[in-house]
Asks: 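Before anything else, here's the structure in question.
Here is how names work: the chains are called A, B, and so on, in the same order as the sequence lines, proteins then strands, and each is numbered from 1.
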Amino acid sequence: GYEPLLSEKNSREVDIETPLPDDLTRDSLELPDLSEPELARHYTRLSQMNYGVESGPFPLGSCTMKYNPKFTEDLAAHPSAAVHPDRPEETVQGTLALLGRTAEYLAEIGGMDDVTLQPPAGAAGEYTGVLIAKAYHEHNGDDRSEIIVPDSAHGTNFASAALAGFDVVELPSGEDGRVDLDALEEAISDETALLMLTNPNTLGLFERDIEEIAEMVHDAGGLLYYDGANLNALLGRARPGDMGFDIMHYNVHKTFATPHGGGGPGAGPVGVVEELTDFLPEPHVRKRGGGYELFEPERSIGKVHGFQGNWLVLIKTCAYIARLGDEGLRDASAKAVLNANYLAEQIDYEVPFGPFHHEFVASAGDQDAADVAKRMLDYGVHPPTTKWPEIVDEALMTEPTEIENKRTLDQLAAAFDAVADEDRETIEAAPERTSARRIDQVSAARSPQLSWQALENSE
Amino acid sequence: GYEPLLSEKNSREVDIETPLPDDLTRDSLELPDLSEPELARHYTRLSQMNYGVESGPFPLGSCTMKYNPKFTEDLAAHPSAAVHPDRPEETVQGTLALLGRTAEYLAEIGGMDDVTLQPPAGAAGEYTGVLIAKAYHEHNGDDRSEIIVPDSAHGTNFASAALAGFDVVELPSGEDGRVDLDALEEAISDETALLMLTNPNTLGLFERDIEEIAEMVHDAGGLLYYDGANLNALLGRARPGDMGFDIMHYNVHKTFATPHGGGGPGAGPVGVVEELTDFLPEPHVRKRGGGYELFEPERSIGKVHGFQGNWLVLIKTCAYIARLGDEGLRDASAKAVLNANYLAEQIDYEVPFGPFHHEFVASAGDQDAADVAKRMLDYGVHPPTTKWPEIVDEALMTEPTEIENKRTLDQLAAAFDAVADEDRETIEAAPERTSARRIDQVSAARSPQLSWQALENSE
Amino acid sequence: MGGHDTGSPYAPHTPTETEQMLDAVGVATEADLFDIPEPVRFDGELGIEPRSEQAVRQELGAILGRNDDLTEFLGRGHYDHYVPSLVDHLSDRQEFLSSYTQYQPEIAQGFLQALFEYQSMLVELTGLEVANCSLYDAATALGETATLASRVRATTGDRVLVPGHLPDGTRGVLENYADGADLAVESYPMDDGVADVEAIRDLVDDDLLLLYAESPTVRGVIEESLDDLGAIADEHEALFALGSDPVALSVLEEPAAAGADVVIGDAATLGMGTSYGMGLGMFATRKEFLRQVPGRLVGASEDSTGRRAFTLTLQTREQHIRRERATSNICTNQAWVALRTAIHAAYLGPEGLIDLARTCITGADRLADGLDDVTGISAPVHDRHHFREFLARTDQPAPAIASELTEEGYAVHAVDDHLIQCCVTDTNVEQIDGLVEAVTEVVA
Amino acid sequence: MGGHDTGSPYAPHTPTETEQMLDAVGVATEADLFDIPEPVRFDGELGIEPRSEQAVRQELGAILGRNDDLTEFLGRGHYDHYVPSLVDHLSDRQEFLSSYTQYQPEIAQGFLQALFEYQSMLVELTGLEVANCSLYDAATALGETATLASRVRATTGDRVLVPGHLPDGTRGVLENYADGADLAVESYPMDDGVADVEAIRDLVDDDLLLLYAESPTVRGVIEESLDDLGAIADEHEALFALGSDPVALSVLEEPAAAGADVVIGDAATLGMGTSYGMGLGMFATRKEFLRQVPGRLVGASEDSTGRRAFTLTLQTREQHIRRERATSNICTNQAWVALRTAIHAAYLGPEGLIDLARTCITGADRLADGLDDVTGISAPVHDRHHFREFLARTDQPAPAIASELTEEGYAVHAVDDHLIQCCVTDTNVEQIDGLVEAVTEVVA
């Protein structure tokens with residue numbers, strides 16, 4: 001497993017000649033210079049050193065790595081989808097109609113009254129939601145400075161709150177892994193702008209007290225935010241809006257099977273209840289006459305993306321939801337939860353807490369969870385998320401999603417169990433069968449080399 | 001490297017229920033029954049056990065394994081290309097125009113007067129050409145029974161001649177690897193319907209006496225057929241029509257970079273000189289008014305394909321030629337010939353004969369050429385064609401095509417030379433690093449198991 | 001764009017590399033590499049302008065765009081079924097698309113296994129023991145069947161009997177194959193859309209070499225006398241061959257059960273969609289004819305570690321070894337289409353295939369009923385069971401009706417002065433009402 | 001279709017398997033798996049009909065088809081360049097498309113190397129030492145630059161100065177980021193399409209935190225005073241950030257040479273084509289700010305055998321570790337777009353990139369000349385060097401002209417009552433004459 005860098009294959013420095021005066025231009029440009037066949041082989045080779053959902057099981061906890069239907073790619077590649085964001089509304093009625101429909105679908109699924117599609121990722125959705133909460137309180141003349149986030153929440157919750165200028169109040173989990181109502185009581189104050197919750201939480205546990213939680217927050221004048229990372233557990237079974245959440249984001253690259261693309265692009269649409277619709281980002285889509293139009297909501301928070309977000313991703317979202325429909329969505333959550341429960345049942349590692357839904361967090365016990373993960377690579381599967389949430393020792397956070405079945409779950413369980421039986425030396429030496437062996441991350445961070453130029457200079 | 005059969009993963013037997021009476025239907029159907037994600041993984045895994053042009057060098061002699069440009073695939077997938085062959089002409093003017101243009105391009109490149117696009121492969125092209133020769137002679141009241149084929153010719157030449165009912169007269173090669181004029185003189189008679197020649201021949205040698213050869217055949221009342229397998233050597237440098245050939249086929253999946261698809265589909269258009277255009281298969285395309293029409297040539301040989309051949313392949317052919325143009329085509333042959341000559345110069349194996357063009361045939365000497373090939377697999381390259389043509393002992397027939405450059409040719413040479421230095425045990429034990437080790441072909445043929453049903457029955 | 005700036009965009013040589021390589025070879029210029037006698041050298045221009053990728057896409061895309069956008073109700077041997085996107089995406093992986101015939105099986109296990117699976121599916125669908133991994137199309141498969149018959153038949157005999165309704169294209173291909181093998185092609189009469197069994201009995205004698213029937217026939221009628229036809233062939237020690245396709249075979253009587261010795265047809269009805277007649281010659285036969293089979297066969301074997309592995313097998317039948325005594329001249333075949341067919345079939349699974357076949361039955365019935373209600377049209381002409389397609393009799397001239405329908409955006413066959421033919425599959429079943437409406441207008 | 005016949009087509013469970021698994025888990029029904037209190041259970045219908053793949057493609061394809069087919073001369077931050085087919089085919093390989101963030105680098109070397117190469121190309125194009133491997137888009141990159149500035153600036157200061165012509169979308173995003181970090185966004189005046197350097201000198205004081213300029217500006221003018229602007233920022237110990245894009249940077253003065261501390265912009269001008277504003281936030285900066293960089297960074301390291309290998313690095317900057325003290329909240333980014341950008345850039349190579357940039361210069365000039373010849377139009381408004389786009393002054397109302405042009409099949413910006421803006425790239429350069437003709441007719 002080794003492929004030279006593009007720059008090592010062939011580079012060429014070309015002098016710049018343009019109609020511009022020399023003082024406005026650079027002197028030369030040096031970049032890789034390879035033919036199409038060479039590039040095809042380069043990237044084919046690189047792809048062969050990469051593991052995707054179609055390579056095998058991918059039970060990365062909290063990441064909902066579903067199979068990405070191919071036909072949604074074809075729709076995103078539709079020639080009519082290639083339009084400029086500054087086009088007059090009447091010339092992009094197709095785009096607006098598709099956005100409108102996607103927003104309607106999502107609103108229905110989340111039990112929300114309206115949805116913005118602008119946020120380009122889940123964290124951007126959180127940030128959007130936080131801005132909406134901020135604007136709402138400000139509009140009410142209510143200057144609130146704090147956002148409450150459970151300790152088991154995704155790191156983005158903390159960061160998004162901070163980005164919007166809030167102080168973060170961290171909420172310790174209760175002994176059952178859920179929100180501790182006493183702790184919550186203590187955390188809530190008249191500074192509380194928002195409580196951000198993931199439900200089921202990152203342990204896969206449904207917050208059974210959600211109605212009471214909502215009441216407490218609302219009574220204190222705060223709002224309730226739903227982190228949609230784990231929505232796949234609830235499709236067609238429960239809706240954040242019905243639980244008392246005021247704002248939520250959707251991770252379409254999780255729940256709605258738009259591909260994760262090695263890190264993105266995703267999209268993080270945000271749904272809100274009626275009371276908050278005036279605060280949605282602009283432009284917002286709505287029906288008018290037989291068609292659709294864009295408008296600026298009355299108290300819009302403004303913009304969270306330079307244009308209107310990750311349009312091509314939203315096409316895939318819409319297509320996926322239309323393909324599944326009610327029946328398919330309900331089945332997706334059923335099978336996702338069945339798979340997690342079945343897998344947890346099969347593996348030798350201890351699984352504390354429960355009953356869980358779409359994911360579970362096992363404990364590697366006296367093994368190092370990161371080593372366990374590396375060793376699982378040798379068994380040809382993608383390992384779970386490790387060492388998080390910290391409430392479980394040496395956590396192995398496992399989310400098989402609905403796309404596995406008994407056969408592949410049994411294979412996955414066999415990989416877990418094989419590693420569970422192995423000794424420390426073996427797992428510390430892992431992986432052995434991958435294109436690269438264990439990579440030294442410490443020295444990578446200690447003396448960062450972030451470009452081929454840096455590599456050349458260090459030689 | 002092992003992937004269970006579809007049938008081993010999950011099969012299902014389903015009872016047949018239709019509106020038809022039971023005696024017209026089968027009772028049940030048992031086939032693999034897998035979900036889309038499972039299939040995606042199955043075929044992804046299979047693809048990973050397969051070597052393509054973008055996996056690395058592919059110097060398979062006589063096969064012209066070029067890089068297949070991606071954009072030609074997009075054109076073949078153009079929605080407007082999906083038309084039925086029975087459509088009225090006036091509704092498929094796009095298809096007819098594209099066929100017309102492709103035929104014109106090919107006629108120009110081959111120096112022919114007209115071209116049929118109907119033959120679905122090279123061998124089908126040969127057969128078409130033979131039928132045209134037959135019809136021509138018959139039309140002239142000249143019943144000729146023999147076709148002359150050099151011993152170094154592709155096996156298809158012999159088989160195509162036989163398929164059309166001719167006797168094959170095999171022509172022994174001269175000492176220089178080319179046509180022996182004395183032997184040819186002896187072979188020619190008034191039974192000679194056709195001489196089939198590959199030029200450059202399978203040793204990569206240009207038949208320098210081609211003018212004399214053509215004269216001899218024509219004087220005897222015979223026709224001259226050009227096997228287009230090696231046309232890549234001559235693009236824009238020489239044209240079969242100018243050499244005296246009357247009929248030729250083009251292997252578009254070689255010369256014009258339409259993908260070989262693991263064995264096809266290709267296309268084998270056939271070009272003819274003016275005198276033979278009346279014999280072309282029907283329907284044939286021609287311009288009429290501002291558009292195109294189909295017609296039946298006056299003395300058409302009839303059909304060689306149920307409809308009009310491999311249409312989607314022809315789109316790719318046309319696109320490739322239009323992309324390269326004169327300049328690109330001439331460059332392709334130059335670089336193909338340069339590459340073969342450069343590679344031959346670099347390797348340790350003896351290369352008899354010359355000067356060669358787009359391919360050369362090295363001799364593995366006292367090594368077994370088939371073993372050499374197996375061992376080359378271990379060096380991550382595709383080996384040459386082996387043990388053919390038989391005029392070279394333990395032949396390694398090597399055609400790098402123009403898509404390699406000095407770097408990849410040097411890698412390829414290193415693979416040749418590494419094997420040349422290895423001992424018999426090593427190469428007989430090869431390959432070691434492939435997804436399957438050396439496969440037992442003898443027992444495969446002795447007790448054929450050609451389906452999963454056969455495998456199940458044998459268990 | 002890399003490498004050099006002129007010439008083939010797919011040749012990677014920089015000018016410097018080219019110089020170095022010419023030096024290594026020992027010639028001064030590229031022209032010196034060519035050992036071509038001066039008189040046959042080509043110094044002219046082909047007159048083909050090179051174009052950018054973008055320009056070729058625009059230009060050829062615009063040419064293709066001249067095809068009218070019609071909803072096709074066309075069949076007669078070339079059928080359109082919806083091809084799932086998965087088929088495109090998987091088959092386009094370069095490891096499949098840009099690979100060669102599997103002469104080095106150790107690095108071609110993936111394609112070999114896919115073809116083995118394709119063969120196995122045909123074994124299930126036909127009930128025969130052996131399927132090859134592709135011929136060009138249904139017509140050439142019929143030609144190959146005739147030559148196979150002449151090789152395997154115990155006694156002499158040169159008569160090939162085919163349905164009177166066989167399309168010209170198929171018949172034409174068969175004639176050429178038959179001509180080379182000195183066989184005589186004759187039509188047998190049809191009665192109400194199917195084989196006239198009694199007439200056939202009268203026609204045959206011991207010179208019968210091959211009896212060919214189709215089900216569904218090209219007119220969409222399900223042949224009801226397959227058992228009789230098989231028996232007739234048997235009586236005369238002739239081969240009985242059946243033409244069909246994988247979708248129809250999912251529900252129709254198993255050919256082997258009706259005595260078929262060979263099953264052919266267009267397997268690209270799965271995997272390919274409408275493609276101007278580009279097909280995939282299906283070919284399955286009895287085990288006893290194995291060594292006379294045309295085309296490639298993939299077999300299971302073992303590698304040196306004892307693990308199951310696949311390889312092309314029985315290659316001594318083929319042209320590259322047996323030359324003029326080969327079972328066929330076929331070399332390049334339709335392997336990649338077979339891969340697509342297999343993926344499509346696997347995608348559908350048994351239930352999906354049966355569903356699809358049901359759509360072909362009920363859709364045709366529904367359209368026939370709809371047209372029958374139109375004044376001036378009676379459909380179906382044959383009072384039989386149909387699959388996908390059927391004939392309709394028109395009071396007005398059929399060619400004029402068909403031509404006017406193209407103006408309305410529909411394509412149907414005009415097969416005779418007062419006969420049109422329509423084909424319904426999953427891709428146009430939703431447009432049945434539209435067609436009926438258009439026909440109503442056109443004949444009004 | 002396999003597995004079960006209802007429910008999600010992407011869940012493979014057969015009914016039997018489901019039963020077995022429920023048994024293993026110890027529950028009777030799927031509903032029993034859900035630990036949801038009754039009052040918040042959802043028993044209603046979402047009202048979304050499931051559809052076949054074919055139906056969804058038809059339906060959504062038809063919806064998309066409602067977009068008018070216009071030749072766009074639109075830019076202003078979202079640019080269209082021809083994306084070679086190679087980019088689609090390679091980036092669509094599932095190993096790339098369906099992979100996750102590279103938390104397990106040992107099985108993600110391919111994507112990591114591609115991102116490392118992307119970073120390296122940006123280093124060459126910007127002259128800065130560090131590039132991250134993506135932010136969402138140019139606007140959010142500007143927001144992140146403002147917060148970076150507030151973290152790294154030695155002294156206090158809260159003023160962010162941006163061009164007066166900054167588009168509303170970019171400005172709006174920046175305002176939100178600035179608000180959270182208690183920064184003040186102010187516009188500086190423009191003069192003849194570029195920064196008014198003297199006015200800026202008057203505006204700034206020691207509270208200056210960040211000075212932001214663009215070249216080309218949103219009006220397509222190449223900024224000529226970058227060195228001056230860099231010096232002004234430097235004098236006040238403020239950061240100087242430049243907005244641009246990879247195509248422009250191929251030929252324009254190297255930002256680092258002009259004193260830029262940060263370079264941002266939309267890198268998806270390569271790799272993505274027109275996509276309704278979907279972009280790729282480019283972000284490069286000086287090495288000294290490395291540990292304050294937002295977003296992901298790929299670094300070279302070694303594996304346990306000493307072989308070069310790549311990994312995400314400096315992750316302690318990121319939200320999943322540093323939480324509310326992270327450099328940004330970004331998690332999912334635009335990695336796959338960065339892959340596409342890198343492939344596109346590599347496809348073009350240095351000569352191809354420069355060629356493309358030249359087309360953007362000469363094309364804009366040619367269109368401006370053409371429009372200037374039309375009575376009632378003067379172009380370009382700014383007597384300066386342009387890249388891709390320019391303003392034209394119209395005697396008649398610009399919105400009416402733009403609107404009438406859509407009837408003729410062209411889209412241009414109407415940026416003011418009597419200003420239109422046009423953008424030329426390799427994708428519409430062949431349509432320049434058509435646009436000029438259409439404008440001539442419209443204003444006649």
Asks: Below 4.5 Å from any heavy atom of chain A, which atoms of D:Glu318 appear? Answer side chain, backbone, both or neither.
Replies: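 For D:Glu318, neither part sits under 4.5 Å from chain A.
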
Asks: Against chain A, label D:Thr406 side chain, backbone, both or neither, depending on which of its atoms sit under 4.5 Å from a heavy atom there.
Replies: side chain

Asks: Counting heavy-atom pairs closer than 4.5 Å to chain A, which one of D:Glu324, D:His320, D:Glu95, D:Arg323 comes out on top?
Replies: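 Greatest number of close heavy-atom pairs with chain A: D:Arg323.
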
Asks: Side chain from CB out, backbone as N, CA, C, O: work out which of these in D:Ile354 comes under 4.5 Å of a heavy atom of chain A, or both, or neither.
Replies: side chain

Asks: Strictly distance-based, threshold 3.5 Å: is any side-chain N or O of D:Asp303 a donor or acceptor partner for the main-chain N or O of A:Arg437?
Replies: yes

Asks: Is it the side chain or the backbone of A:Pro431 that comes within 4.5 Å of chain D heavy atoms, both, or neither?
Replies: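 Contact with chain D involves the side chain of A:Pro431 alone.
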
Asks: Could you tell me whether D:Asp69 atom CG has more than 12 heavy atoms of other residues or ligands within 6.0 Å of it?
Replies: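 Incorrect, the count does not exceed 12.
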
Asks: To the nearest 0.5 Å, what is the distance between CG on A:Leu31 and CG on D:Leu353?
Replies: 6.5 Å

Asks: Please flag which part of D:Ala300 lies under 4.5 Å from any non-hydrogen atom of chain A: side chain, backbone, both or neither.
Replies: both

Asks: Counting N and O atoms only, with roles assigned by atom type, does the side chain of A:Arg208 sit under 3.5 Å from a partner on the main chain of D:Pro37, one being a donor and the other an acceptor?
Replies: no

Asks: Nearest 0.5 angstrom please: D:Glu106 CD to A:Leu377 CG, how far?
Replies: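 Reported value, rounded in 0.5 Å steps: 6.0 Å.
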
Asks: Between A:Leu98 and chain D, with a heavy-atom cut-off of 4.5 Å, which part of the residue counts as in contact: side chain, backbone, both or neither?
Replies: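 The answer is both parts of A:Leu98.
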
Asks: Should the ring pair A:Tyr127 and D:Tyr177 be called parallel, tilted or perpendicular, given that the plane angle runs from 0 to 90° and is split at 30 and 60?
Replies: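 A:Tyr127 vs D:Tyr177 ring planes: tilted.
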
Asks: Which of the residues A:Gly328, A:Gly263, A:Gly325 is involved in the greatest number of heavy-atom pairs with chain D at under 4.5 angstrom?
Replies: A:Gly263

Asks: Hey, what's the ring geometry for D:Tyr10 with A:Tyr67, parallel, tilted or perpendicular (30° and 60° as the breaks)?
Replies: tilted

Asks: Which answer fits D:Leu74, side chain, backbone, both or neither, if we ask what part of it has an atom under 4.5 Å from a heavy atom of chain A?
Replies: both

Asks: What closest approach, in Å, do A:Arg87 and D:Asp68 show between heavy atoms, and which atom pair accounts for it?
Replies: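 Closest approach of A:Arg87 to D:Asp68, heavy atoms only: NH1-O, 2.9 Å.
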
Asks: For chain D, find which of A:Gln441, A:Glu90, A:Glu126, A:Gln48 contributes the most heavy-atom pairs closer than 4.5 angstrom.
Replies: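 That would be A:Gln441.
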
Asks: Checking heavy atoms, do the side chain of D:Glu175, its backbone, both or neither come under 4.5 Å from chain A?
Replies: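 No part of it gets close to chain A.
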
Asks: So what's closer than 4.5 Å to chain A heavy atoms on D:Arg358: side chain, backbone, both or neither?
Replies: side chain

Asks: Mind ranking D:Arg41, D:Gln113, D:Arg322, D:Gln119 by heavy-atom pairs under 4.5 Å with chain A and telling me who comes out on top?
Replies: D:Gln113

Asks: Does one side chain, of D:Gln334 or A:Asn310, offer a donor that lies under 3.5 Å from an acceptor on the other?
Replies: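 Side chains of D:Gln334 and A:Asn310: pair found under 3.5 Å.
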
Asks: Test of understanding: with side-chain hydrogen bond (donor to acceptor under 3.5 Å, both in side chains), list the residues that count as partners of D:Ser301, not counting sequence neighbours.
Replies: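 Testing D:Ser301 for side-chain hydrogen bond (donor to acceptor under 3.5 Å, both in side chains), a comparison that skips the adjacent residues, returns none.
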
Asks: Against chain A, label D:Leu122 side chain, backbone, both or neither, depending on which of its atoms sit under 4.5 Å from a heavy atom there.
Replies: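 Contact with chain A: none, neither part.
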
Asks: Check whether any side-chain heavy atom of D:Met278 lies under 4.5 Å from a side-chain heavy atom of A:Phe307, and answer yes or no.
Replies: no

Asks: How many angstroms lie between atom CG of D:Leu115 and atom CG of A:Leu46, to the nearest 0.5 angstrom?
Replies: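 Output value for this atom pair is 10.0 Å.
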
Asks: Please classify the contact between D:Leu297 and chain A as side chain, backbone, both or neither, with a heavy-atom cut-off of under 4.5 Å.
Replies: side chain

Asks: In sequence, state the C-alpha distance, the side-chain angles, and the governing distance for A:Phe158 and D:Gln319, and then conclude on side-chain contact (heavy atoms from CB on, under 4.5 Å).
Replies: CA-CA 8 Å; A:Phe158 301 87; D:Gln319 46 72 28; over 6 Å; no

Asks: Give the intermediate values and the outcome of salt bridge (charged side-chain N to carboxylate O under 4.0 Å, His left out) for residues A:Lys335 and D:Glu30.
Replies: CA-CA 8 Å; A:Lys335 296 307 190 302; D:Glu30 290 176 351; 2.9 Å; yes

Asks: Tell me, for D:Leu22 versus chain A, whether the close heavy atoms (under 4.5 Å) come from the side chain, the backbone, both or neither.
Replies: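 For D:Leu22, backbone and side chain are both near chain A.
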
Asks: Side chain, backbone, both or neither: which part of D:Glu49 has a non-hydrogen atom closer than 4.5 Å to chain A?
Replies: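 Contact with chain A: backbone only.
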
Asks: At what distance, to the nearest 0.5 angstrom, does CD1 of D:Ile48 lie from CD1 of A:Ile321?
Replies: 6.0 Å

Asks: Pick one of side chain, backbone, both or neither for A:Glu54, based on which atoms fall under 4.5 Å of a heavy atom in chain D.
Replies: both

Asks: Pick one of side chain, backbone, both or neither for D:Val130, based on which atoms fall under 4.5 Å of a heavy atom in chain A.
Replies: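 For D:Val130, side-chain heavy atoms alone lie under 4.5 Å from chain A.
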
Asks: Give, for atom CG of A:Asn405 and atom NE2 of D:His13, the distance between the pair rounded to the nearest 0.5 Å.
Replies: 6.0 Å

Asks: Name the region of D:Ser275, side chain, backbone, both or neither, that has any atom closer than 4.5 Å to a heavy atom of chain A.
Replies: both

Asks: Taking the side chain from D:Asn67 and the backbone from A:Thr95, do they hold a donor-acceptor pair closer than 3.5 Å?
Replies: yes

Asks: More than 12 non-hydrogen atoms from neighbouring residues, nucleotides or ligands closer than 6.0 Å to CD on D:Gln20, yes or no?
Replies: yes

Asks: Which of the residues D:Ala309, D:Pro105, D:Cys331 is involved in the greatest number of heavy-atom pairs with chain A at under 4.5 angstrom?
Replies: D:Pro105

Asks: Report yes if some heavy atom in the side chain of A:Asn50 is under 4.5 Å from a heavy atom in the side chain of D:Arg93; otherwise report no.
Replies: no

Asks: Can you tell me which portion of D:His78 sits under 4.5 Å from chain A's heavy atoms? Options are side chain, backbone, both or neither.
Replies: both

Asks: Looking at chain A, which one of D:Met21, D:Glu17, D:His385 has the largest number of heavy-atom pairs inside 4.5 Å, strictly under?
Replies: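 Winner by heavy-atom pair count: D:Met21.
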
Asks: Among residues at least two apart in sequence or on other chains, which ones pass ring-ring contact (aromatic ring centres under 6.0 Å, His included) with D:Tyr136?
Replies: none

Asks: Is there a donor in the side chain of A:Ser55 and an acceptor in the side chain of D:Gln94, or the other way round, less than 3.5 Å apart?
Replies: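 Yes, a side-chain donor-acceptor pair sits under 3.5 Å.
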
Asks: Do the ring planes of D:Phe34 and A:His357 sit parallel (below 30°), tilted (30 to 60°) or perpendicular (above 60°)?
Replies: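 Rings of D:Phe34 and A:His357: tilted, 30 to 60°.
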
Asks: So does D:Glu253 get a backbone contact from the side chain of A:Arg26, meaning a donor-acceptor N/O pair under 3.5 Å?
Replies: no

Asks: Quick one: closest heavy-atom pair of D:Gln109 and A:Ala436, and the distance?
Replies: CG-CB, 3.7 Å

Asks: Using heavy-atom distances under 4.5 Å, tell me whether A:Asp23 contacts chain D through its side chain, its backbone, both, or neither.
Replies: backbone

Asks: Taking atom CZ of D:Arg308 and atom OH of A:Tyr2, what is their separation to the nearest 0.5 Å?
Replies: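 If we round to the nearest 0.5 Å, D:Arg308:CZ and A:Tyr2:OH are 3.5 Å apart.
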
